[in-house]
A.B. asks: 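Take this structure first; my questions come after.
Naming: A, B, ... by sequence-line order, numbering from 1 per chain.
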Amino acid sequence: MLQLTFPDNSVREYDAGATGADVAGSISKSLLKKAVAVAIDGELRDLSDPIEANAAIEIVTRDDPRALELIRHDAAHVMAEAVQELWPETQVTIGPVIENGFYYDFKRETPFTTEDLPKIEKKMQQIIQRNAKFTKEIWSRDEAKEYFASKGEDYKVELVDAIPEDQTVKIYKQGDWLDLCRGPHMASTGQIGQAFKLMKVAGAYWRGDSDNEMLTRIYGTAWASDKELKAYLHMLEEAEKRDHRKLGREMDLYHFQEEGPGVVFWHHKGWQLFQNLTNYMRRRLEGDYQEVNAPQILDKSLWETSGHWEWYHENMFVTETEDHRTFAIKPMNCPGHVQIFKHGLKSYRDLPLRMAEFGAVSRYEPSGALHGLMRVRAFTQDDAHIFCTEEQMAEECHKINDLILSVYKHFGFEEVVVKLSTRPEKRVGSDEVWDHAEAVMTEVLNEIEERSGGKIKTGILEGEGAFYGPKFEYTLRDAIGREWQCGTTQVDFTLPERFGAFYVDSDGEKKQPVMIHRAICGSLERFLGILIENFAGHFPLWLAPQHFVVAAITSDADDYAKEVHAALKKAGLRGELDLRNEKINYKVREHSHAKIPVIIAVGKREAEENTVSIRRLGSRNQTILGLDEAIVNLVDEATAPDLKELAS
RNA sequence: GCUGCCGUAGCUCAGGGGUAGAGCACUCCCUUGGUAAGGGAGAGGUCGGAAGUUCAAAUCUUCUCGGCAGCACCA
């Protein structure tokens, strides 16, 4: 007999080997009908799986959040079947569930195009309507390999070979079609429903390796209900409006042009935004860091010493002079900072020495990687290198983490994910050094999570570390949910050694410092891109490139408008004066489109009463205030959060 | 870099083998109007670039540059 515990803690007995379907059916017919899977001790399983041991059981119905993964996974299978029904010569490879949907990678002589998607969708609808049952079979390896080989499915054969010896080869059938799959699946294709849509086609390398063949990937999204699908598609549409590339143009912040792929032309307003960010960051460094500025161009030999030449020279901008010297435009600030550290003897008393730079770096990024401000070929890092002793290392990592979280909070990012990237395959340094560095970082990571009271989520990215050391990555999301690495902390035992950097310890001995590379925003360009999208261009006043526009309603009020403009400027606020021969409606519309946070309209009435009419971005209302009062309010609002904290 | 798609005025886009079109923006004039487009007139592009096919190319072909999506990369 089998004892199964239900979510309400009731326990029921079944014959050993009873399936999830048996259990659901024993409770009610309607439950059996609604059931798509079972969770045994929290793990999703097929309804048809026999249950062999006592366990906690939950019948998962289609409206359970966990069913969404199954809907998507099953949709991927159905898409593969649809594709093979339409184009039998196509090979299928893998098709996992991803955030918001699924994809499947196919191998076909002529890759699919967007025009094929409606055809595939239609076929999928038919397959779903057939409502074939998903059935599972366990095959022997040879059987599976022979079958897929006979079908010309070379990739599947490779996948069978890749299944670890201790695992069985599972085959899921839906009608006449079958696929190698780990499962679980729902009971039948009909349970997928019709709330899905194929989104796009793209190339993707087999097994994620650019040395391999490129396959065609079809992305789809799938939801439990039509309503959710519509909401998701609507969300994407809305997110597109916040795209920083679109807003950058509309708000006149910056532009790109053909002659400078991946390099930004910052316009006045965009540069003001940039300055607002650097000024803020500079204040946050005060006291703890010394700001420096290292040369933009340095001899190749320095990059050879640092190791960057060997690892990245094809991604460096290189320049040769008349006298045949080869220089590289700096892709990193670290070698420069080490030179500054080495200049003059350093004592243990100087440590930790925190050296910061708003460093403009240039990297010849692959053309396909460029993406607005997020990935550019010349950008500014809010970089710093901390030279410290090994004992100081953990504490410094915490200090950096505190600073990063505090900065992010000021920009409205409270739920931050910190990930530890560990040793990559290609790396420098001995395993002992890596073991040690990773151990320290792991401990710090755990402490970060603990100290945050669970607010900070952490994770490990195996093999994603820098070639010289493990790193923490702080990623933020753009409007449509793409993740971008922003902050980072990297410990490095290698560079100081390569450059022969040392300090004199208390015992008079030369010792090698540990070097911690860190960035808060990472790339200021990228961070601004993220900010533009997250604020949808509606910046808080302290960040906004422009605070206000003073718009005269009639030319009678021009003189007063000038007065108001001057008074606001004198108070340190940034803004323009609009005396154009246009109606106030027109001016309001235009400045609203430009996302000016505060429109100050003045006409005869205001001039007579020494007041201003204030209209805030996003609001249809106006507030009439005395000029002086308005200025006091705006100045207060335009004060950066760090300065406010200092004042309070 | 790879796969697919795209590239027409500052912006958004239509057109499509016979020598370019709309709306907005821009300039000028009228209008002095109270919170998301008042009216009129005008200027502006040779259709990303190069080569080829053709009597004729922006329109077809090839190459090239740039962009978009995804993959790969991201010190």
A.B. asks: Answer yes if the side chains of A:Y254 and A:E525 hold a donor-acceptor pair under 3.5 Å, and no otherwise.
C.D. replies: no
A.B. asks: Looking at A:W311, I'd like to know if the NZ or CZ of A:R427 sits under 6.0 Å from its six-membered ring centre while staying within 45 degrees of the ring's axis.
C.D. replies: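 That pair does not qualify as a cation-pi contact.
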A.B. asks: Are the side chain of A:T221 and the backbone of A:N100 linked by a donor-acceptor contact shorter than 3.5 Å?
C.D. replies: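 Answer holds: yes.
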A.B. asks: Any N or O donor-acceptor pair under 3.5 Å from the base of B:G1 to the side chain of A:Y364?
C.D. replies: no
A.B. asks: Categorize A:F256 for me: base, sugar-phosphate, or nothing, with a 4.0 angstrom heavy-atom threshold over every strand shown.
C.D. replies: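 Here A:F256 touches no strand at all.
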A.B. asks: Considering the options A:T319, A:T326, A:V318, A:T305, which one meets the side-chain contact (heavy atoms from CB on, under 4.5 Å) requirement together with A:K300?
C.D. replies: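 Single pass found, and it is A:T326.
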A.B. asks: State whether the side chain of A:E533 and the backbone N or O of A:A479 hold a donor-acceptor pair below 3.5 Å, judged by distance alone.
C.D. replies: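 Yes; judged by distance alone, with no hydrogens or angles, the pair exists.
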A.B. asks: Are A:R477 and A:E483 within salt-bridge range, i.e. N to O under 4.0 Å?
C.D. replies: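 Salt bridge present between A:R477 and A:E483.
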A.B. asks: Check the surroundings of atom NZ in A:K342: do more than 12 heavy atoms from other residues, nucleotides or ligands lie under 6.0 Å from it?
C.D. replies: yes
A.B. asks: Give me the distance, rounded to whole Å, that separates B:U12 from B:G67 when you measure between the C1' atoms they each carry.
C.D. replies: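 To the nearest whole Å, 16 Å.
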A.B. asks: I'd like the P distance from B:G18 over to B:G70, given in whole Å.
C.D. replies: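 About 38 Å, rounded to a whole number of Å.
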A.B. asks: Please report the distance separating the P of B:C2 from the corresponding atom of B:C60, rounded so that it comes out in whole Å.
C.D. replies: 24 Å
A.B. asks: Mind running a 4.0 Å heavy-atom check of residues 296-314 of chain A against RNA chain B and sending the residues that fall below it, in number order?
C.D. replies: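 Under 4.0 Å from RNA chain B: A:H308, A:Y312.
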A.B. asks: Does any donor atom in the side chain of A:E462 or A:T422 lie under 3.5 Å from an acceptor atom in the other side chain?
C.D. replies: yes
A.B. asks: Does A:R377 count as lying over the ring of A:F379, i.e. NZ or CZ under 6.0 Å from the six-ring centre, within 45 degrees of the axis?
C.D. replies: no
A.B. asks: So what does A:D211 hit on the nucleic acid, given a heavy-atom distance under 4.0 Å: a base, only sugar-phosphate, or nothing?
C.D. replies: nothing
A.B. asks: Give A:Q490 one of three labels, base, sugar-phosphate or nothing, depending on what nucleic acid heavy atoms sit under 4.0 Å from its own.
C.D. replies: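 Counting heavy atoms under 4.0 Å across all strands, the contact made by A:Q490 is with sugar-phosphate only.
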A.B. asks: Please work out which residues in residues 463-483 of chain A have a non-hydrogen atom less than 4.0 Å from an atom of RNA chain B and list them by number.
C.D. replies: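 Listed by number, they are A:A466, A:Y468, A:K471, A:R482.
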A.B. asks: In B/S/- notation, 5' to 3', how is nucleotides 3-12 of chain B contacted by protein heavy atoms closer than 4.0 Å?
C.D. replies: B---B---SS
A.B. asks: For a quick check under 3.5 Å, do A:Q381 and A:S523 share a side-chain donor-acceptor pair by atom type?
C.D. replies: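 On atom types as modelled, these side chains do not qualify, holding no pair under 3.5 Å.
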A.B. asks: Pick the C1' atom in B:G66 and in B:A50, then give their distance to the nearest Å.
C.D. replies: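 The same atom, C1', in both gives a distance of 15 Å.
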A.B. asks: Quick one: what's the B/S/- string for nucleotides 33-43 of chain B, heavy-atom cutoff under 4.0 Å, read 5' to 3'?
C.D. replies: BBBBBS-----
A.B. asks: If we take the P atom in both B:A56 and B:U19, what is their distance in whole Å?
C.D. replies: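 Nearest-Å result for B:A56 against B:U19 at atom P: 15 Å.
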A.B. asks: Is A:E238 salt-bridged to A:K241, going by a charged N under 4.0 Å from an acidic O?
C.D. replies: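 Judged by the 4.0 Å cut-off on N to carboxylate O distance, A:E238 and A:K241 do form a salt bridge.
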A.B. asks: Which of these nucleotides, B:C73, B:C71, B:C74, is closest to any side-chain atom of A:R217?
C.D. replies: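 So the side chain of A:R217 is nearest to B:C71.
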A.B. asks: In sequence, state the C-alpha distance, the side-chain angles, and the governing distance for A:H517 and A:T489, and then conclude on side-chain contact (heavy atoms from CB on, under 4.5 Å).
C.D. replies: CA-CA 6 Å; A:H517 309 241; A:T489 302; over 6 Å; no
A.B. asks: Round to a whole Å and report the spacing from CG of A:D209 to P of B:G1.
C.D. replies: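 From A:D209 CG to B:G1 P: 19 Å.
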A.B. asks: Check whether more than 12 heavy atoms from other residues, nucleotides or ligands sit under 6.0 Å from atom OH of A:Y364, and answer yes or no.
C.D. replies: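 Count not over threshold, so no.
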A.B. asks: Would you find a donor on one side and an acceptor on the other, under 3.5 Å apart, between the side chain of A:D382 and the backbone of A:C521?
C.D. replies: yes
A.B. asks: When you compare the side chains of A:Q84 and A:E153, does any donor N or O come within less than 3.5 Å of an acceptor on the partner?
C.D. replies: yes
A.B. asks: Which is true for A:P331 with a 4.0 Å heavy-atom rule: it touches a base, it touches only sugar-phosphate, or it touches nothing?
C.D. replies: base
A.B. asks: Can you check the distance between B:G48 and B:A9, where both ends of the measurement are the C1' atom (answer in whole Å)?
C.D. replies: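 Between the two C1' atoms, the distance is 14 Å.
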A.B. asks: Sticking with atom C1', work out how far B:G44 lies from B:U8, rounded to a whole angstrom.
C.D. replies: 14 Å
A.B. asks: Answer yes or no: side-chain N or O of A:R363 and base N or O of B:C73 forming a donor-acceptor pair under 3.5 Å.
C.D. replies: no
A.B. asks: Considering heavy-atom distances to RNA chain B, does A:E259 or A:H517 have its closest nucleotide positioned more toward the 5' end?
C.D. replies: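 Nearest nucleotide further toward 5': that of A:E259.
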A.B. asks: Between the protein and nucleotides 61-64 of chain B, which nitrogen or oxygen pairs come in under 3.5 angstrom?
C.D. replies:
none

A.B. asks: Within the 3.5 Å criterion, strictly below it, is a donor on A:Y474 or A:N401 matched to an acceptor on the partner's side chain?
C.D. replies: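 On atom types as modelled, these side chains qualify, holding a pair under 3.5 Å.
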A.B. asks: Considering only the C1' atoms, how many Å lie between B:G45 and B:G23, rounded to the nearest integer?
C.D. replies: 16 Å
A.B. asks: What do you reckon, are the aromatic ring centroids of A:H255 and A:H267 less than 6.0 Å apart?
C.D. replies: yes
A.B. asks: Where does RNA chain B form stems of at least three consecutive Watson-Crick or G-U wobble pairs, each pair having both distances below 3.5 Å?
C.D. replies: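 So the stems come out as B:1-7 with B:65-71, B:10-13 with B:21-24, B:26-30 with B:38-42, B:48-52 with B:60-64.
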A.B. asks: Does the side chain of A:H593 come under 3.5 Å of the side chain of A:E250 through a donor N or O and an acceptor N or O?
C.D. replies: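 Side-chain D/A pair, A:H593 to A:E250: absent.
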A.B. asks: Where do A:I553 and A:A601 come nearest, in terms of heavy atoms and distance?
C.D. replies: CD1-CB, 4.1 Å
A.B. asks: Tell me, with the steps shown, if A:D578 and A:R580 meet salt bridge (charged side-chain N to carboxylate O under 4.0 Å, His left out).
C.D. replies: CA-CA 6 Å; A:D578 184 356; A:R580 289 175 304 168; 3.0 Å; yes
A.B. asks: Is any side-chain nitrogen or oxygen of A:R245 closer than 4.0 Å to OP1 or OP2 of B:A69?
C.D. replies: yes
